[in-house]
Amino acid sequence: MSHLLWFRSPAADWFEALPLGNGHLGAKVYGRVADERIALNLDDVWSGDGPRTLTVPDGPAVLADVRRLLLEDGDQLAATERTRALQGPLVESYQPLADLVIRSASGDPADYRRSLDLRTGIAAVDYTVDGVRFRRETFVSAPDQVLVWTVTADRAGAVDLDLALDSPHPVAAEGAGGSYGVVGRAPSDLTIEYRERPDPIRYEDGRGIGFGVALRAHAEGGTVTASPDGVTVRGADRLTVLVAAASTFAGWTVPPGRDLSVALAEATAALDAVAVDKLRERHVEDHATLYDRAELQLGPVVTLPTDERIKAVAAGGNDPDLVALAFNLGRYLLIASSRPGTQAANLQGIWNQDRRPMWASDWTNNINTQMNYWLADLTGLSECFDPLTDLLEGLAASGAETARILYDAPGWVSHHNADIWRATWPVGEGGDDPVWAMCATCGVWLTAHLMEHYRFTGDVEFLRERAYPVLTGAAEFVLAMLVEDQDGVLQFVPSTAPEHHFILPSGAKASVDLTSTYDIWLIRELFANLAEAASVLGLSSELVERATAARGRLPKIRTASDGRLLEWPTDWQPSEPQHRHQSHLYGLYPGAEIDPLRTPEWAAAARASLELRTAGAVNGGWTAAWLVALWARLFEPARAAAVIQDYLSRLVSDNLMHRDGDIFQIDANFGITGCIPELLLQSHTDVVRVLPALPAEWPDGSFRGLRARGGLVFDATWRDGKLTEAIVRATHAGTHRIALTSDHVVTRTLAAGQSATLCTTSAP
């Protein structure tokens, strides 16, 4: 199966290095021989010195002005500019931690091979120097919370190395015996990368998140000597290096701890607790337990190096097995960057090399954070979903204060950007474009994930204890923000189509208007989810009654004269007809209101919109991922397959991770893994569809462990484009309608734990 990335040379740069992680500690392995560098990150090391107070004056008065400008004056340009007065501080930035530097006086390596086994989570480097065969392995253990680096040789006494820790932050080092470590702090104040000032990175004594990184070397044979300069190993037969890290981050509501020695002591305690001989076994068992829950096979396995395969696809070749490898990589990356108790995967997962990373490597919540988690429940990684729930609960708590200060509203709100301190306001301090800053329904979108998690898992306790309170708070806010227009329609004001301007008759660009189509879909879905959750929980709620009544008074979904779905209330000229966001198509995917079989008129309008949006080259890897799902939901497999081919041809680095010049965003990798299954299994309607949009380029294949809503787990095999076998297992009892072809639907009632084999020739 397609579980291996491998190469004939070391990584040329950080982008091509191989990723490892346990949700908390991340690493990128270059695979160099004489001067190896393993870049480290810790998920809670960010800039900043604690939560900030939102000090926007006269928020409700500004809101009243914006509503008057739109509802009475029809002045979208003035309304857009007025919303700048609602902008609070910029977000803080996710930080690099340190580099593990490994130097050896090696000659030129021969028979070199660098690899990452996705199933074991182990990166390896094999090579020969002066007749000695070496093997290096690196992994990051979740059970033991350490990075493990080993080197073995087929000749005794051949391991001679110097080890050290380097950091872009000021650090102090200490070392003795076989142990060594550094302590330091992230910047206390940092200017986001797209803003300039003379001193953008600032360190202040005693402020900022502190960290400690501890290293210990265990050698078989030879000698190990540690000092504040690092660790020296001479004449060893085998070497195991352990690295652990901890921070002084104490939660998003309080300033970080000040004592750096506490962080180093915590990291050292992790090293003290491990059983070295059990590390690899424990790591592989833990990782494989999650990774083996799903699998995709598309055609025969190709054994060429990964970078050579990407070049072949870019030259026009068809490599379905590379698609399967990209799918498996996304699952691997989520396991590596999102575990219970860790921070949610951010814009770069947990991997970042820059103190001023692009877009702060934050949580960007008008699609990017959401896309990170499209794959979680779908591929059986429900545990990996937990950090997103934690993030939402923090945003709901922080966002209640933002809703009060800015809008004098109950409930909670979260806008476009969030950071570890749970910023929820529109950011920019008056200097950022409202086209992205002024998106007040990002939290609403995030709540949809909670309901989807329940639909996949059937976890009623989760729905009651964690999801429902967050849903009710979001609904309270939205209901308070709805205002009647002159026709009695309830408008959500201010509203945007994320990151997309429209052009006014004057030629000016604006972005704020009455309710955008994007917001209509989100609010309709929120109110429906609230009612469904209350019904499941047996609750009677005045809030649900109000939301249900309001849902019927929202603006209607509008179409243009040429059949497109309108993006804004008026058929404004878009500033970018091929804009990267498909926000007005939310109802098609990830929403579920548009369906070719149930709502053919809406589906036709969505198709017309998509034709316009995709008339040019795809702009960005995450955009490509979204397009795959949109075309799949429209039963357009050829269009989806063409997007996947384009993605693999020009939007990934040699290691299959997204790359656009010097920009890395992990949402593309997560998104492609979450969207490919839409071609193979759909469960967003009352009928589960097996192989609803199978591309002709994938004539033979199979999948195992894909989840469907309703607590179903599917395995399927097809040959020559035809389904040959499908097996369904139920995690809880229910009756389900399953479409095996477009005109063959079977009904199965299954008890919890029961399986059934479905055949395309079986009687209904």
Side-chain angles (χ1 to χ4, degrees), residues 6-11 17-18 20 27-40 98-117 120-141 144 146-166 173 175-182 213-244 271-272 274-281 283-284:
W6 77 277
F7 312 86
R8 304 183 198 272
S9 60
L18 295 174
L20 303 170
K28 291 289 273 315
V29 182
Y30 286 68
R32 299 169 181 167
V33 173
D35 188 13
E36 173 64 305
R37 184 170 293 267
I38 300 177
L40 304 175
D99 289 348
L100 170 60
V101 179
I102 306 165
R103 295 186 174 91
S104 61
S106 301
D108 292 333
D111 300 323
Y112 179 95
R113 178 185 173 101
R114 176 172 61 104
S115 63
L116 173 61
D117 188 329
T120 64
I122 295 176
V125 178
D126 297 275
Y127 60 94
T128 300
V129 172
D130 297 331
V132 181
R133 189 65 177 168
F134 292 88
R135 179 174 176 84
R136 299 177 175 182
E137 289 188 349
T138 315
F139 59 89
V140 180
S141 168
D144 290 294
V146 294
L147 177 141
V148 182
W149 184 87
T150 63
V151 57
T152 57
D154 63 3
R155 180 185 301 169
V159 177
D160 295 325
L161 296 169
D162 295 316
L163 308 164
L165 292 166
D166 190 15
S179 297
Y180 158 76
V182 299
V213 186
L215 181 153
R216 185 170 297 163
H218 298 265
E220 296 178 14
T223 61
V224 176
T225 305
S227 74
D229 295 326
V231 176
T232 300
V233 180
R234 294 292 182 265
D237 304 329
R238 173 188 175 92
L239 179 67
T240 299
V241 177
L242 307 180
V243 177
L271 300 184
D272 293 339
V274 305
V276 177
D277 60 336
K278 300 293 185 182
L279 282 167
R280 192 181 195 278
E281 176 185 351
H283 161 72
V284 171

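Values below: every heavy atom of this structure, side chains too, minus hydrogens, waters and symmetry copies.
Closest non-hydrogen pair, D160 versus G235, comes out as OD1-N, 2.6 Å. In terms of heavy-atom proximity, L40 sits nearest to D99 at N-OD1, 4.0 Å. Here the closest non-hydrogen pair linking Y180 and V231 is CB-CG2, 3.7 Å. Here the closest non-hydrogen pair linking L239 and A217 is CD1-CB, 4.0 Å. The two residues V148 and L242 come nearest to each other via the heavy atoms CG2-CD2, 3.9 Å. Across G221 and D237, no two heavy atoms sit closer than the pair CA-OD2, 4.2 Å.
Between S179 and R216, the side chains place a donor N or O and an acceptor N or O closer than 3.5 Å (distance only, hydrogens not considered).
A cation-pi arrangement is absent between R37 and Y30, since the terminal nitrogen or guanidinium carbon is not both under 6.0 Å from the aromatic centre and inside a 45° cone about the axis. By the 6.0 Å and 45° rule, R113 stacks over the aromatic ring of W6.
Looking only at distances, a side-chain donor or acceptor of S104 sits under 3.5 Å from a matching main-chain atom of V33. Under the 3.5 Å distance criterion, the side-chain polar atoms of H283 are matched with a main-chain donor or acceptor of T120. For the pair R136 (side chain) and R32 (backbone), a donor-acceptor distance under 3.5 Å is present. Although no hydrogens or angles enter the test, the distance criterion places a donor-acceptor pair under 3.5 Å between the side chain of R114 and the main chain of S9.
Residue pairs that meet the salt bridge (Lys or Arg N to Asp or Glu O under 4.0 Å) test with at least one member in residues 146-159, sequence neighbours left out, do not exist here. Screening residues 121-135 for salt bridge (Lys or Arg N to Asp or Glu O under 4.0 Å), with sequence neighbours left out, gives D126-R135, R135-E137. Counting only residues at least two apart or in different chains, side chain to side chain donor-acceptor pair (under 3.5 Å) contacts with residues 219-229 are absent.
Between R103 and D162 there is no salt bridge, since no side-chain N of the basic residue sits under 4.0 Å from a carboxylate O of the acidic one.
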Working note: V241 + L163, criterion side-chain contact (heavy atoms from CB on, under 4.5 Å); need CA distance, chi angles, decisive distance, verdict. CA-CA 9 Å; V241 177; L163 308 164; 3.6 Å; yes

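The shortest distance between side-chain heavy atoms of F134 and P109 does not fall below 4.5 Å.
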